[in-house]
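To start, the structure under review is shown below, and the notes come after it.
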Number of protein chains: 2
Amino acid sequence: MARSIETSQLTVARAAAALFLQRGLAATSGADIAEAAGISERTVWRYFHNKESCVAPLFAKSWKYYAEELRRWPHFQSIEAHLAECFDLAKQPPEWIADGLLIVRLIATLPDEPDLRPVWLASYHRGEDELAAIIGDRLGRSHGDFDVRLCAAAVLAAIRVIDETISIAAIRYAQEFTTAEVVAQTAKSIRAVSHLPFCDPVEPRPFGGSGPMLSPDAERAGRTE
Amino acid sequence: MARSIETSQLTVARAAAALFLQRGLAATSGADIAEAAGISERTVWRYFHNKESCVAPLFAKSWKYYAEELRRWPHFQSIEAHLAECFDLAKQPPEWIADGLLIVRLIATLPDEPDLRPVWLASYHRGEDELAAIIGDRLGRSHGDFDVRLCAAAVLAAIRVIDETISIAAIRYAQEFTTAEVVAQTAKSIRAVSHLPFCDPVEPRPFGGSGPMLSPDAERAGRTE
DNA sequence: ATATAGTTTGACAGTAACTGCCAAAAATAC
DNA sequence: GTATTTTTGGCAGTTACTGTCAAACTATAT
């Protein structure tokens with residue numbers, strides 16, 4: 001049974017992250033990463049088109065964690081209730097802990113490794129469509145609706161800021177957070193930037209959607225894929 | 001009298017943008033950019049540490065335009081009033097028109113040039129501190145305050161989404177917008193994602209700031225510089 | 001105008017990042 | 001098992017990018 005390609009890429013990402021953290025991005029070569037990951041350099045460049053994006057799968061994992069939980073979010077539940085339920089660290093697979101630490105440490109080094117930040121931002125950005133779909137679904141609106149996309153972008157930015165704030169506080173200032181604190185802060189921040197009422201329980205409704213804010217053309221245009 | 005270095009970099013950016021738009025990022029070499037910009041390749045690499053970021057000055061200009069106007073924003077004025085005043089296209093220097101078109105066209109190609117998107121995102125990201133300062137100033141709060149930073153990130157995301165939506169609508173769907181439409185939509189979107197009341201007139205107040213949401217350490221930690 | 005100091009640039013050589021190509025290996029289907 | 005497709009490694013070649021140094025340019029002083 002073969003490992004999926006995502007798993008292989010994640011292996012490379014972990015190796016790359018460890019090296020970047022240890023000796024810095026500039027001092028790490030493609031050959032180093034390949035060796036640490038136990039594959040040929042050729043395959044590294046097949047997986048990623050540049051050195052920095054080798055860690056992208058880890059960053060993506062940070063968001064995918066949220067995405068998966070949000071997709072399961074029942075319509076009748078508030079965001080606070082749902083997050084409290086699924087953010088139980090004890091429920092996470094053990095490998096998550098190690099990856100989580102790697103991610104947090106990477107985020108904390110962003111100020112020192114400016115070339116890593118675009119990768120971080122782009123990883124999060126890829127979640128916008130997905131989040132728009134989730135929000136749209138909850139509100140019975142299209143994911144192409146301008147307001148829905150606006151909301152998704154703002155919420156994703158909020159989650160990103162929280163990730164950054166907490167990671168830096170944890171690594172650089174050795175601060176510790178309880179799960180409850182993180183959940184409360186996350187929910188509060190998401191609510192703060194949301195102008196659509198998707199955080200509260202909604203009754204399931206047939207797909208409908210309200211009028212677009214920009215013209216329909218502009219709406220279609222807004223989708224990135 | 002020497003041209004400032006920013007001007008030189010902008011020249012390179014314009015040349016690079018034209019080439020990227022014409023034949024694509026992959027088909028454009030560093031030597032091509034250098035030649036088109038009328039400087040040596042060595043200088044191109046001194047200005048930018050990779051090919052993609054050659055267009056960053058143009059992207060940055062897109063945000064700086066907002067930033068400058070917002071810094072001038074008088075405390076007693078609402079955001080609608082202020083934006084309406086300064087978004088008068090006739091008031092812009094003529095070179096702005098050409099650059100603006102270049103920027104809009106670049107944004108419209110982002111779906112086809114995925115390697116340009118990180119540059120776009122990072123350019124906007126660099127405005128977060130600046131915007132936090134503006135918002136903080138209006139509210140008499142510190143720019144390090146978590147809520148202020150959260151608000152800045154959300155507002156910047158909103159402006160970015162508007163830029164993307166309008167650019168794609170204009171280029172791919174040949175839609176046209178009046179200044180008034182753009183201003184109204186921008187102000188409305190900024191308000192939508194803002195949970196702090198900086199959009200309305202505020203009375204000038206001595207620097208004070210309310211209590212932090214996270215602990216002071218976490219607040220300091222959040223700043224990226 | 002000339003000297004001096006500081007900054008920016010180009011030339012060129014070298015290294016590291018990255019691609020194309022093809023054959024070996026591995027997975028999958030039958 | 002064989003046939004087919006997908007994934008991988010090896011290696012050669014190209015392009016992106018850096019280090020170094022001398023020439024050119026700017027600025028300020030006199």
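Just so you know, these numbers use all the heavy atoms, side chains as well, and skip hydrogens, waters and symmetry mates. The structure displayed is predicted, hence computed values, not measured ones. So that the names make sense, note that chain A is the first sequence line, chain B the second, and so on, each numbered from 1.
Residue Tyr47(B) is in sugar-phosphate contact alone, with no base atom involved, counting any heavy-atom pair closer than 4.0 Å across all strands shown. Using a 4.0 Å heavy-atom cutoff across all strands shown, Ile39(A) reaches sugar-phosphate atoms only and no base atom.
Computed from coordinates, the Asp115(A) CG to dA17(C) P distance equals 13 Å when rounded to whole Å. To the nearest angstrom, P of dT15(D) lies 18 Å from CG of Asn50(B). Atom P of nucleotide dT7(C) and atom CD1 of Ile5(B) are separated by 12 Å, given to the nearest angstrom. As rounded to whole Å, 16 Å separates atom P of dA16(C) from atom CD of Glu52(A). Atom pair His49(A):NE2 and dA16(C):P shows a separation of 22 Å (rounding to whole Å applied). If you measure from atom NZ of Lys51(B) to atom C1' of dC18(C), you get 10 Å, rounded to the nearest angstrom.
The residues Glu52(A) and Arg117(A) are annotated as not salt-bridged, no charged nitrogen and carboxylate oxygen being separated by less than 4.0 angstrom. Remark: Arg72(A) does not engage Glu85(A) in a salt bridge, criterion side-chain N to carboxylate O under 4.0 Å. Between Lys64(B) and Glu68(B), no side-chain nitrogen of the basic residue sits less than 4.0 Å from a carboxylate oxygen of the acidic one, so the salt-bridge criterion is not met. A salt bridge is defined here as a Lys NZ or Arg NE, NH1 or NH2 lying under 4.0 Å from an Asp or Glu carboxylate O, and Arg23(A) with Asp32(A) meets this definition. Between Arg105(A) and Asp99(A), none of the side-chain N atoms (NZ, or NE/NH1/NH2) sits under 4.0 Å from a carboxylate O, so this pair counts as no salt bridge.
At the phosphate of dG9(D), OP1 or OP2 sits under 4.0 Å from a side-chain N or O atom of Thr43(A).
Taking OH of Tyr124(A) as the start and CG of Asp163(A) as the end, the distance is 3.5 Å to the nearest 0.5 Å.
Taking the side chain of Glu41(B) as heavy atoms from C-beta on, and the options dA11(C), dT8(D), dC17(D), the nearest nucleotide is dC17(D). The Trp45(A) side chain lies nearest to dT19(C) when the options are dT18(D), dT8(D), dT19(C).
Between His125(B) and Arg160(A), the closest side-chain pair of non-hydrogen atoms falls below 4.5 Å.
In the displayed structure, Glu35(B) atom CD is contacted under 6.0 Å by at most 12 heavy atoms of other residues, nucleotides or ligands.
At least one test fails for Arg126(A) against the ring of Trp63(A): distance under 6.0 Å to the centre or angle within 45° of the axis.
Residues of residues 23-33 of chain A having a heavy atom closer than 4.0 Å to DNA chain C, listed by number: Thr28(A), Ser29(A), Gly30(A).
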Per-nucleotide protein contact string for nucleotides 21-26 of chain C, where B marks a base within reach and S marks sugar-phosphate only (heavy atoms under 4.0 Å, - for neither): B-----
